[in-house]
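Read the structure below first, then the notes.
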Amino acid sequence: MGNAAQDLSSALAQLVEKVGPSVVRVEDGRGRPSTGVVWEVSDGGTLIATASHSQEREDTLEVGLHDGSTVKATLVGFDNSTDAAVIKIDQKLPAPAWSDGDPKVGNLVLQLGRPGKTARATLGILSAVGTDEWRTGAGGKVNRYIQADVSRSPGFSGGPLVDMNGAILGMYSSALARGAHAIIPTATLKRIVPSLQQHGKVQRGFIGVGVYPVRLPDDVSKQVNGQEDGVVVVALQPDGPAQKAGLVLGDVLIQLDGKPVTSPGELISLLDPDKVGKPVTAKVSSAGKVRDVTITVGSRG
């Protein structure tokens, strides 16, 4: 083995030694353990990020630590739409570095897991790194698409993807994308975890409408800089935000907060948690006339 290979081998082993104590085994009593990784440490104990699809029985949650011991855990919150969950233990564990930097295709990465008593690792490269937000099959918003070409054993879900500096780029999920093993990026977890800590779930905005895609008439399209499509309101929640703002059945919602709304999915994507309780401007067409309406975004889990 040449010096370069020896150096790489030593560096990889050091990364596992560095991050491994922050990686735990998560058991919910079903006999199919998953992995978790330390998110935050405080005087009250340790918060651990893990995969939500593995946490079905919160009354029997246990966490296996790097020293071989097992401790009780409690479920703080979960969000199935992004396959993220947070659990808590009373013990303090070492906290790793989380990175939401700029990973590149071809970067070497380690995928860590602890399906048993010891940490396990696989080496690979980042095979896909997107720049745009995308939605999971369950409707969760993910900041960017990251996929790593690494082999994984059962029980790795919830484990960290680690760069060569020992920073965590995100958390592996086997349920995030259909037919692919994708990563929940650190930036997405930073957005989700505080809501799980505070509410036990991710609060999502809503305006209380049911909509259906519709083609805009030419005269309406000209009033909105040539936008060709919108969504027609086919249902209204009684006393919901949209009805309180004056929308009625048959109105066509064209834009929200200055962005086009051409499908139900686009409307959902614009109702971010940070808009809850805040007024947003909607551009609405009624009988061919376009007007601006202020809607105060409501909240639902």
Side-chain angles (χ1 to χ4, degrees), residues 79-84 128-146 173 176-180 182 184-185 187-192 195 201-237 240-301:
D79 177 44
N80 289 333
S81 72
T82 53
D83 197 29
V129 178
T131 58
D132 297 330
E133 294 178 347
W134 63 283
R135 288 200 170 268
T136 69
K141 187 172 73 172
V142 181
N143 290 62
R144 58 164 55 182
Y145 185 80
I146 299 177
S173 166
L176 194 62
R178 183 174 298 177
I184 310 171
T188 300
L189 291 169
K190 286 183 176 179
R191 172 171 50 85
I192 292 172
S195 184
K201 59 186 179 182
V202 174
Q203 287 192 310
R204 290 183 169 81
F206 87 113
I207 58 174
V209 295
V211 295
Y212 193 81
V214 66
R215 190 81 169 182
L216 297 178
D218 290 342
D219 59 335
V220 173
S221 178
K222 291 177 182 178
Q223 298 177 62
V224 289
N225 298 320
Q227 183 177 326
E228 297 181 344
D229 302 296
V231 291
V232 61
V233 176
V234 295
L236 276 169
Q237 177 182 319
Q243 189 179 70
K244 288 180 178 178
L247 269 68
V248 298
L249 296 178
D251 281 348
V252 177
L253 181 60
I254 302 171
Q255 296 177 8
L256 189 72
D257 205 22
K259 297 180 176 61
V261 178
T262 62
S263 69
E266 278 191 339
L267 176 58
I268 292 172
S269 69
L270 293 173
L271 294 171
D272 292 328
D274 58 5
K275 290 188 174 70
V276 171
K278 298 178 181 178
V280 296
T281 300
K283 200 169 286 293
V284 178
S285 172
S286 302
K289 295 182 179 180
V290 178
R291 72 187 195 278
D292 287 338
V293 176
T294 299
I295 304 174
T296 300
V297 178
S299 170
R300 67 179 176 188

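Throughout, residue positions are numbered sequentially from 1 according to the sequence presented. Below, each value reflects all heavy atoms present in this structure, side chains not excepted, and no hydrogens, waters or symmetry copies.
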Exercise for the section: Kindly compute the distance separating OG (Ser195) from NZ (Lys201), expressed to the nearest 0.5 Å. Expected result: 9.0 Å
Fill in the blank from the handout: dist Lys275:NZ -> Leu270:CG (nearest 0.5 Å) comes out at 6.0 Å
Handout entry: side chain to side chain contact (heavy atoms under 4.5 Å, CB included) involving Pro264 - partner list, sequence neighbours excluded
Key = Val211, Pro213, Val231
Handout entry: Worked verdict on Leu253 versus Ile207 for side-chain contact (heavy atoms from CB on, under 4.5 Å)
Key = CA-CA 12 Å; Leu253 181 60; Ile207 58 174; 4.2 Å; yes
Problem - Gln227 side-chain N/O to Ile254 backbone N/O, donor-acceptor pair under 3.5 Å - result: yes
Problem - Smallest separation among heavy atoms of Gly298 and Pro241, with atom names - result: N-CG, 3.9 Å
Practice task
Check whether any side-chain heavy atom of Val280 sits under 4.5 Å from a side-chain heavy atom of Leu271, and report yes or no.
Solution key: no
Practice task
Using the test side chain to side chain donor-acceptor pair (under 3.5 Å), find all partners of Asn225 that sit at least two apart in sequence or belong to another chain.
Solution key: none
Problem - Arg291 with Asp251: basic N within carboxylate O range, under 4.0 Å - result: yes
Exercise for the section: Kindly compute the distance separating CG (Asn143) from CD1 (Ile184), expressed to the nearest 0.5 Å. Expected result: 11.5 Å
Exercise for the section: State, to 0.1 Å, how close Leu267 and Val261 come at their nearest heavy-atom pair, and which atoms those are. Expected result: CB-CG1, 3.8 Å
Practice task
Working to the nearest 0.5 Å, report the span between CD1 of Ile192 and OG1 of Thr82.
Solution key: 3.0 Å
Problem - Nearest non-hydrogen partners of Ala84 and Leu189, listed with the distance - result: CB-CD2, 4.0 Å
Practice task
Report yes if the side chains of Leu247 and Ile295 come closer than 4.5 Å at any heavy-atom pair, otherwise no.
Solution key: yes
Completion exercise
dist Glu266:CD -> Lys259:NZ (nearest 0.5 Å) comes out at 11.5 Å
Handout entry: pair Val202-Arg191: side-chain heavy atoms closer than 4.5 Å
Key = no
Exercise for the section: Could you list all the salt bridge (charged side-chain N to carboxylate O under 4.0 Å, His left out) pairs where at least one residue sits in residues 208-226, not counting sequence neighbours? Expected result: Arg215-Glu228, Arg215-Asp229
Fill in the blank from the handout: Closest non-hydrogen contact found for Ser299 with Val276 is CB-CG1, 3.4 Å
Handout entry: Heavy-atom check, side chain of Val220 versus side chain of Val252, under 4.5 Å
Key = no
Fill in the blank from the handout: Residues at least two apart in sequence or cross-chain that pass side chain to side chain contact (heavy atoms under 4.5 Å, CB included) with Ala128, listed by chain then number, are Tyr145, Gln147
Handout entry: Side-chain donor or acceptor of Gln255 paired with backbone N/O of Asp292 under 3.5 Å
Key = no
Problem - Contacts of Arg144 that satisfy side chain to side chain contact (heavy atoms under 4.5 Å, CB included) - sequence neighbours left out - result: Asp102, Pro103, Val129, Ile146, Pro185
Exercise for the section: Could you grab the distance from atom CG of Leu216 to atom OG of Ser221, nearest 0.5 Å is fine? Expected result: 6.0 Å
Exercise for the section: Please confirm whether the backbone N or O of Val142 pairs with a side-chain atom of Thr188, one donor and one acceptor, at under 3.5 Å? Expected result: no
Problem - Residues forming a side chain to side chain donor-acceptor pair (under 3.5 Å) with Asp83, sequence neighbours excluded - result: Ser52, His53, Ser173
